[in-house]
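All figures in this text were calculated on a predicted structure; none of them were measured in a lab. What's counted below: heavy atoms across the whole structure, side chains too, no hydrogens, waters or symmetry copies.
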Amino acid sequence: MKKIAFYTLGCKVNQADTASMETMFRSHGYTVVDFNGEADIYVVNTCVVTNTGQRKSRQMINRAVRKNPTALVVVTGCYPQTAAEEVKAIPGVDLIIGNQDRADIVRLVEDAAEHQRVDTIDSVRKLSANTEFEELSAGDVTDKTRAFLKIQEGCNQFCTYCIIPFARGPLRSRSLASIKEEVSRLVRAGYKEVVLIGIHLGCYGKEHGGELTLFDAVQAALSVEELQRLRLGSLESVEVETRLLDLMAADKRLCRQLHLPLQAGCDTTLARMHRPYDARRFAELLYDIHKRIPDIAITTDIIAGFPGETEEEFASTLAFAENCGFSKMHIFPYSKRKGTPAEKMPNQVPETVKQKRCAELAELDHRMQQKFLEAAVGSEAEVLFEQTVADGQVEGLTSNYLRVYVQGAAELCGTIRKVKLLRAETGLMIGELV
């Protein structure tokens, strides 16, 4: 029985893709082993969103080659999709596959193993307007309570800093029937929560002329009555439909958390980024969301040091973010990506300035996160317990993404229990079972 090892870099969509590929190889009799061990085949699922992601992708490819020089080394994902020749030039790479044809990866790998050549086999296919959504089954990860189901692929936003539209191609969506079927299968497998994810999730169905929207996808998932929780991945604020918020208020299974990337809180910066909103519109949307669902958690992404960002513009972003009251911010220093308009913009911000701004945002993030946690003290919440932690405690998540620790045994894992939230600590809540 052949041994195969996977390493995944980047986003939740990449992780979901890897889980699907692992499941396919297991079904063909392969044993999935740890990437740090010895395997017959190594698969590196790569990321190019930032320079760090691309550099780490190269490091992991080289590590696989060194680990077992006789193994088949396969590189897939965004790196070969955007820079096939560069990846092929890495010594020891046997096969490259882009962000399509992963449904056929077992055959591609077995063909490559049977006909090993000196040259790298290039199976990267150009992503065109006719590219269809690959309806891969969600992978089974036996030690988890949440499953990530990819229902959307591709992006047409073309923000000036982002390479993703080139790496992931045009918009395409999973069918409603497939969503319902996959959610049913995951529930039968024992998952308590399903997370719907995509590259541009809020554009679900848009390629069909607006006949379908994310609301329809959510309804399809919630039509599986046995599903206990449904969570949404990242989506643009301007794509949050009123009827989606109404559904969130009406059906407690739809988790009260939205991840809405802000990126900047200054209109001139947002315009240079080619974001689809201004600060005022973003604030109005947040106000409406909080009015409808008061206990909702809004998390976000912010880029520090975008080309041309002055001290005044950064101060505007800092103040705007504080007024938004996010429960969590993911902070990124701007990373120059080859081939994007921002790469050639004037007034590139020095790395030292980017790091200073990231530190200021991180300090604000800590304050806002603690304020959000402290506001929940004394309340009761349903917690999905996921894993044991130190000192006889079990860790889980509430619907609005509060991380909660309670005293308990491993038997709690995989169950949803009511918890009283007693006190806030750094980044988490301490509670007790009701």
Is the distance between the ring centroids of Phe306 and Phe314 under 6.0 Å?
no

Show, in sequence, the C-alpha distance, side-chain angles and deciding distance for Glu110 and Arg107, and conclude whether the salt bridge (Lys or Arg N to Asp or Glu O under 4.0 Å) test is met.
CA-CA 5 Å; Glu110 290 180 346; Arg107 182 191 65 79; over 6 Å; no

Salt bridge check: are Arg357 and Glu360 linked by an N-O gap of less than 4.0 Å?
no

Quick one: does Pro80's side chain get under 4.5 Å of Thr46's, heavy atoms only?
yes

Output, in order, the C-alpha distance, side-chain angles, deciding distance and verdict of side chain to side chain contact (heavy atoms under 4.5 Å, CB included) for Val13 and Asp17.
CA-CA 6 Å; Val13 173; Asp17 287 339; 4.0 Å; yes

Do you know which two heavy atoms are closest between Ile430 and Gln393, and how far apart they sit?
CD1-NE2, 4.3 Å

Thinking salt bridges, do Glu182 and Arg174 make one under a 4.0 Å N-O criterion?
no

Would you check, one step at a time, whether the test side chain to side chain contact (heavy atoms under 4.5 Å, CB included) holds for Tyr161 with Gln263?
CA-CA 11 Å; Tyr161 53 84; Gln263 308 302 10; 3.5 Å; yes

Report the C-alpha separation of Glu374 and Lys371 in whole Å, then their side-chain angles, then the decisive distance to 0.1 Å, and conclude whether the salt bridge (Lys or Arg N to Asp or Glu O under 4.0 Å) test is met.
CA-CA 5 Å; Glu374 287 162 8; Lys371 184 177 180 180; over 6 Å; no

For this output row, return yes or no: ring centroids of Phe35 and Tyr42 closer than 6.0 angstrom.
yes

Could you pull out all residues at least two apart from Arg292 that satisfy side-chain contact (heavy atoms from CB on, under 4.5 Å)?
Thr242, Leu245, Asp246, Asp288

Ionic contact status for Asp101 with Arg125, cut-off 4.0 Å:
yes

For residues 412-419, dump all side-chain donor-acceptor pairs below 3.5 Å to protein atoms at least two apart in sequence or in another chain.
residue	atom	partner	partner atom	Å
Thr415	OG1	Leu412	O	2.5

Could you tell me which non-hydrogen atom of Leu373 sits nearest to which non-hydrogen atom of Met429, and how far apart they are?
O-SD, 3.4 Å

